[in-house]
Amino acid sequence: MASVKTLEEKGRVLEGFSRALVRESHNLMQRPDLLWQQLHNRLQWEEEPVPDVLQPEYRRRTAPGAVPWLRTRTPFRESKALIRTLTGHTGGVNACAFRRDGKRLVSASTDQTLRLWDLETGREMTRFEGHSHEVNDCAFSPDNRRIVSASKDGVLILWDVESGKSIERFEIPTGPHHACTFSPDGCRIVVGGFWGYITIYDMETGKELITFQGHDSRIESCAFSPDGRRFVSASSDETLKLWDVRSGEEVRAF
């Protein structure tokens with residue numbers, strides 16, 4: 001850092017390198033040999049004196065006979081708020097959910113898998129395999145020990161987070177399923193299907209507790225109220241509906 005003189009400048013350089021490393025971690029885990037290339041392509045757009053620090057290595061890497069490498073001529077088209085990118089799915093990502101402490105994330109994909117991510121490192125920790133079609137939604141249980149997933153294959157699967165194995169499979173005739181979530185007490189699961197049906201199940205027994213009918217098209221999303229007494233459903237029929245869990249009655253349509 002010969003061109004960096006003050007502590008403030010050193011701090012800016014370290015912050016710039018830290019941001020670049022985090023944002024490129026998904027690439028560098030696969031191709032650590034691209035470290036220089038990826039860092040240069042990000043850091044060249046940083047404020048001074050960060051680009052100055054690159055110059056000695058840049059001259060060496062561009063000298064006659066040096067190994068060619070890919071240099072970008074325009075800045076990355078991404079938000080400055082980007083922290084890191086998680087890669088690994090081989091299909092589109094339909095849904096994701098945070099663990100309650102914010103350190104883990106589960107994602108559901110058209111590649112028929114769910115994946116658990118460590119958000120501090122960007123590393124894939126667990127891959128959940130068991131669906132035979134794309135996975136449309138997923139959610140953590142309130143105690144973070146289980147994950148539920150809804151799929152186009154008409155099966156709802158309950159997973160053990162620690163082992164990555166399925167605990168229970170619910171064959172639901174109103175599938176395919178596009179939405180699922182846990183109740184706040186973790187004892188029930190609500191699932192919304194393609195035909196507009198919404199069903200609540202007892203998580204331990206797998207018993208169907210109640211089915212709600214009222215939407216004219218598939219359920220896209222659903223969420224419980226904090227007290228667990230009501231939940232809301234969002235549908236492609238362009239409405240949201242608020243339901244009373246105990247009575248099964250529609251409280252209000254939006």
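All residue numbers refer to positions in the sequence shown, counting from 1.
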State plainly whether the residues [X] and [Y] are in salt-bridge range, i.e. N to O under 4.0 Å.
X	Y	answer
Glu204	Arg146	yes
Asp33	Arg31	yes
Lys241	Asp237	no
Glu220	Arg218	yes
Asp101	Arg99	yes

Measure across [X] and [Y] and return the closest heavy-atom pair with its distance rounded to 0.1 Å.
X	Y	result
Leu82	Arg84	CD1-O, 3.5 Å
Ala179	Asp137	CA-OD2, 3.3 Å
Ser225	Pro184	O-CG, 3.3 Å
Leu43	Gly16	CD2-O, 3.3 Å
Leu86	Gly122	CD2-CA, 3.6 Å
Cys138	Ala97	O-CB, 3.8 Å

I'd like to know if the side chain of Ser109 and the backbone of Gly92 have a donor-acceptor N/O pair within less than 3.5 Å.
yes

Say whether, by atom type as modelled, one donor and one acceptor occur between the side chain of Arg100 and the main chain of Pro142 under 3.5 angstrom.
yes

Checking Ser141, Ser149, Ser166 against Trp159 for side-chain hydrogen bond (donor to acceptor under 3.5 Å, both in side chains), the one that qualifies is Ser149

With hydrophobic residues grouped by side-chain heavy-atom distances under 4.5 Å, do [X] and [Y] end up in a single group?
X	Y	value
Phe140	Ile157	yes
Val50	Leu39	yes
Leu21	Val53	yes
Val148	Val190	no
Val22	Leu119	no

Can you check whether [X] reaches [Y] side chain to side chain, under 4.5 Å on heavy atoms?
X	Y	answer
Ile219	Phe194	no
Glu129	Arg127	yes
His89	Asp111	yes
Arg229	Val245	no
Arg169	Glu171	yes
Thr113	Val135	no
Asn41	Gln37	yes

Can you tell me how far [atom2] of [Y] sits from [atom1] of [X], rounded to the nearest 0.5 angstrom?
X	Y	atom1	atom2	result
His215	Ser236	NE2	OG	9.5 Å
Cys222	Ile189	SG	CD1	11.0 Å
Cys180	Ile198	SG	CD1	13.0 Å
Met125	Arg123	CE	CZ	5.5 Å
Phe170	His177	CZ	NE2	11.0 Å
Arg104	Ile147	CZ	CD1	11.0 Å

Would you say the side-chain atoms of [X] and [Y] include a donor-acceptor pair closer than 3.5 Å?
X	Y	value
Arg23	Ser25	no
Arg71	His40	no
Ser235	Glu238	no
Asn27	Glu24	yes
Ser151	Gln112	no

Give the C-alpha distance, both sets of side-chain angles, the deciding distance and a yes or no for side chain to side chain contact (heavy atoms under 4.5 Å, CB included) between Phe98 and Val106.
CA-CA 7 Å; Phe98 278 101; Val106 63; over 6 Å; no

Near [X] [atom1], under 6.0 Å, is it more than 12 heavy atoms from other residues, nucleotides or ligands?
X	atom1	result
Glu78	CD	yes
Lys152	NZ	no
Leu35	CG	yes
Arg230	CZ	no

Would Arg12 and Glu48 count as a salt bridge (charged side-chain N to carboxylate O under 4.0 Å, His left out) here? Give the steps.
CA-CA 8 Å; Arg12 289 207 300 271; Glu48 298 295 343; over 6 Å; no

Taking the six-membered ring of Phe182 (Phe, Tyr or Trp), confirm whether the NZ or CZ of Arg188 is under 6.0 Å from its centre and within 45° of its axis.
no

Could you check Tyr58 against Gln55 for side chain to side chain contact (heavy atoms under 4.5 Å, CB included), going step by step and ending with a plain yes or no?
CA-CA 5 Å; Tyr58 179 83; Gln55 289 308 305; 4.1 Å; yes

Side chain to side chain contact (heavy atoms under 4.5 Å, CB included) assessment of Thr110 paired with Asn94:
CA-CA 7 Å; Thr110 60; Asn94 287 329; 3.5 Å; yes

Once you measure the plane-to-plane angle for Trp69 and Trp36, does it fall in the parallel (<30°), tilted (30-60°) or perpendicular (>60°) bin?
perpendicular

For Thr87 and Glu124: C-alpha separation, side-chain torsions, deciding distance, then whether side chain to side chain donor-acceptor pair (under 3.5 Å) applies.
CA-CA 8 Å; Thr87 61; Glu124 178 187 317; over 6 Å; no

Does the side chain to side chain contact (heavy atoms under 4.5 Å, CB included) test come out yes or no for Val191 and Tyr201, once each step is laid out?
CA-CA 8 Å; Val191 56; Tyr201 288 87; 3.7 Å; yes

Assert yes or no for the condition that the ring centre distance of Phe212 to Phe231 is strictly below 6.0 Å.
yes

